[in-house]
2 protein chains.
Amino acid sequence: MGKRILKHAILGLLSKKDMSGYDITGEFKEEIGQFWSAKHSQIYIELKKLLSENLISQYIEMSGEKLERKMHRLTSEGKKELEQWLVVPDETIETEKDVFILKLYFIKHIPKDKVEALFRNQFNIRSAKLAYLREQYQQIFGEQHPLEIDADQLGHYFVLTKAISREESYVKWLEQSLEIIKKREY
Amino acid sequence: MGKRILKHAILGLLSKKDMSGYDITGEFKEEIGQFWSAKHSQIYIELKKLLSENLISQYIEMSGEKLERKMHRLTSEGKKELEQWLVVPDETIETEKDVFILKLYFIKHIPKDKVEALFRNQFNIRSAKLAYLREQYQQIFGEQHPLEIDADQLGHYFVLTKAISREESYVKWLEQSLEIIKKREY
DNA sequence: AATAAATATGTAAACATTAACATGTTCAAT
DNA sequence: ATTGAACATGTTAATGTTTACATATTTATT
């Protein structure tokens, strides 16, 4: 990190439509949250920074009589910044941190029954995630062929298929590994 | 984060053998670095913290005449702390951040030729990583059957197979997705 | 003998992230 | 009418992480 990813993630989200900080917080709870996310406390601060950098502008929309929604819109500068960032290839890959696998590296110090419990827990969480992602896919793309997907939806398509692929691979590996654990005298 | 993962990662590494800060830094450049890593600046500070918490002890080993290696060893308290941490199932999964996929979500704003360049770049990096991991696997486990692997090596086996599985899935998805990009008018 | 790479440890500043604190509005259900 | 959930925005403190600064030794190569 240290590369202002959140800055550009927000610029990207705002390139789709104007949003409030609350909206952006919500986006990170949807599919893109599988690959980047942030808490509202960080988002409001980043929005301020982007305003002071003139990459976005702000206007107020009212929800009812008193409740303000501070909406944000990309400036032409912001759009330029986003487009420049998007085309730069990343030479290195950051560590995709995974505490479960880290723990497994130290399996020697985990009693066999606890290992099985850890595996089952991880299997349940990952399976649930996979089911959710597949449901999302069905709802949005149904039986649509990838070549027929609207250009506006292509980013969404790739994110969803990537997330599904990641979880399928994870679940499959969990099943295979648990089998090994069970079969071994340990 | 905010859950002292590095603390426990270091305790775990020290459970295998006594190590210096430099050694630990090196470990995070090996396979376990696929799932957790830290820079030496963070590690030396964490070691100090662990010392003050009495979870590790320190002694000096000399490399030559003047060059000190400050070795660290788990205390019984440290071992207990590690064992307790290992068996706690994690209820939530942290976002596995991936800047490439984040960028892809905003593909609408990337010119087609640049998209292909980004894909090729990612393909090259991921393929190289996969090749390295497979080589490691061959060197360490060869044609050995998982049921015959030494208990001491089991953690290593799972970390390596998980990393390989992750990269295989990634590369496959990259190939399929690039095919779609190429076939579409975009 | 000189040099570069690897070994070895540390600190400081900047930046990123989370958790907790803090407040108020609107909408839906009872 | 009340209550709870969702909507909405912010700040502060603590923690985690990276980058850059800083220094010195040992080993292998030329």
Side-chain angles (χ1 to χ4, degrees), chain A residues 1-10 18-30 33 35-53 56 58-72 90-99 102, chain B residues 1-10 18-30 33 35-53 56 58-72 90-99 102:
Chain A
M1 293 135 219
K3 277 155 357 198
R4 309 280 323 259
I5 312 289
L6 180 59
K7 165 180 170 172
H8 295 98
I10 290 176
D18 295 1
M19 286 188 201
S20 67
Y22 190 80
D23 292 335
I24 292 167
T25 305
E27 290 289 322
F28 285 129
K29 287 172 188 159
E30 304 298 320
F35 299 100
W36 202 267
S37 70
K39 310 281 182 191
H40 80 272
S41 50
Q42 204 186 350
I43 289 162
Y44 287 115
I45 287 163
E46 192 62 43
L47 283 170
K48 268 194 186 172
K49 229 185 265 184
L50 293 173
L51 271 170
S52 77
E53 294 176 287
I56 60 172
Q58 198 185 60
Y59 60 93
I60 309 283
E61 234 180 58
M62 300 307 289
S63 269
E65 274 297 290
K66 289 180 182 174
L67 194 54
E68 291 190 345
R69 278 166 54 76
K70 297 194 180 173
M71 302 300 288
H72 302 86
D90 305 279
E91 345 70 58
T92 52
I93 293 167
E94 288 162 63
T95 298
E96 290 167 42
K97 296 185 169 183
D98 186 326
V99 176
L102 176 64
Chain B
M1 295 136 218
K3 278 154 355 192
R4 309 276 327 255
I5 312 289
L6 179 60
K7 164 180 172 172
H8 295 98
I10 290 176
D18 294 2
M19 286 190 204
S20 67
Y22 190 81
D23 292 334
I24 292 167
T25 306
E27 290 289 322
F28 285 129
K29 287 171 187 158
E30 304 298 320
F35 299 101
W36 202 268
S37 70
K39 311 282 180 186
H40 80 271
S41 51
Q42 204 185 348
I43 290 163
Y44 287 114
I45 287 164
E46 192 63 41
L47 283 171
K48 268 194 187 173
K49 232 185 263 184
L50 293 173
L51 271 169
S52 77
E53 294 176 288
I56 61 173
Q58 198 184 60
Y59 60 94
I60 309 284
E61 234 180 58
M62 300 306 289
S63 269
E65 276 296 291
K66 290 181 180 174
L67 196 54
E68 291 190 344
R69 277 166 56 75
K70 297 193 178 172
M71 300 300 288
H72 302 86
D90 305 280
E91 345 72 56
T92 51
I93 294 167
E94 288 163 62
T95 298
E96 291 167 44
K97 296 185 169 184
D98 185 327
V99 176
L102 175 64

N/O-N/O pairs, protein side and nucleotides 26-29 of chain C side, under 3.5 Å:
unit_1, atom_1, unit_2, atom_2, d
dT26(C), OP1, E65(A), N, 2.8
dT26(C), OP1, K66(A), N, 2.7
dT26(C), OP1, L67(A), N, 3.3

Protein N or O to nucleotides 10-14 of chain C N or O, pairs below 3.5 Å:
unit_1, atom_1, unit_2, atom_2, d
dG10(C), OP1, K70(B), NZ, 2.2
dG10(C), N7, H40(B), NE2, 3.3
dG10(C), O6, H40(B), NE2, 2.9
dT11(C), OP1, K48(B), NZ, 2.9
dT11(C), OP2, K48(B), NZ, 3.3

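Atoms CG (L50(B)) and P (dG16(D)) sit 11 Å apart, rounded to a whole Å. At whole-Å resolution of the value, CD1 in I43(B) and P in dT17(D) are 11 Å apart. With rounding to whole Å, L47(A) atom CG is found 14 Å from dA8(D) atom P. One atom, CD of E46(B), and another, P of dT18(D), lie 13 Å apart when rounded to the nearest Å. At whole-Å resolution of the value, CG in D18(A) and P in dA8(D) are 15 Å apart. Summarising the geometry, the separation between CD1 on I24(B) and C1' on dA8(C) is reported as 13 Å, rounded to the nearest angstrom. Taking atom CZ of residue F28(A) and atom C1' of nucleotide dT18(C), one finds them 15 Å apart after rounding to whole Å. If you take OH of Y22(B) and C1' of dT7(C), they are 4 Å apart, rounded to a whole angstrom.
Side chain of S37(B) to main chain of F28(B): no donor-acceptor pair is present (N/O by atom type, distance under 3.5 Å, no hydrogens or angles).
Side-chain nitrogen and oxygen atoms of K97(B) include at least one within less than 4.0 Å of the OP1 or OP2 phosphate oxygen of dT17(C). Between dC15(C) and K49(A), no contact under 4.0 Å exists linking OP1 or OP2 to a side-chain N or O.
Here the shortest heavy-atom pairing between R69(A) and S63(A) reads CD-OG, 3.1 Å. For the pair W36(A) and T95(B), the tightest heavy-atom approach, listed with the atom from each and the gap, is N-CG2, 3.6 Å. A pairwise comparison of heavy atoms in Y22(B) and Y44(B) identifies N-OH, 3.5 Å as the closest pair.
Rounded to the nearest 0.5 Å, atoms CD (E61(A)) and CG (L67(A)) are 11.5 Å apart. Residue E46(B) holds its CD atom at 10.0 Å from CD1 of I24(B), rounded to the nearest 0.5 Å. Rounding to the nearest 0.5 Å places NE2 of H8(B) at 10.5 Å from CG of L102(A). We find the NE2-OH distance between H72(B) and Y59(B) to be 10.0 Å, quoted to the nearest 0.5 Å.
Not a single side-chain hydrogen bond (donor to acceptor under 3.5 Å, both in side chains) links E27(A) to another residue, sequence neighbours left out.
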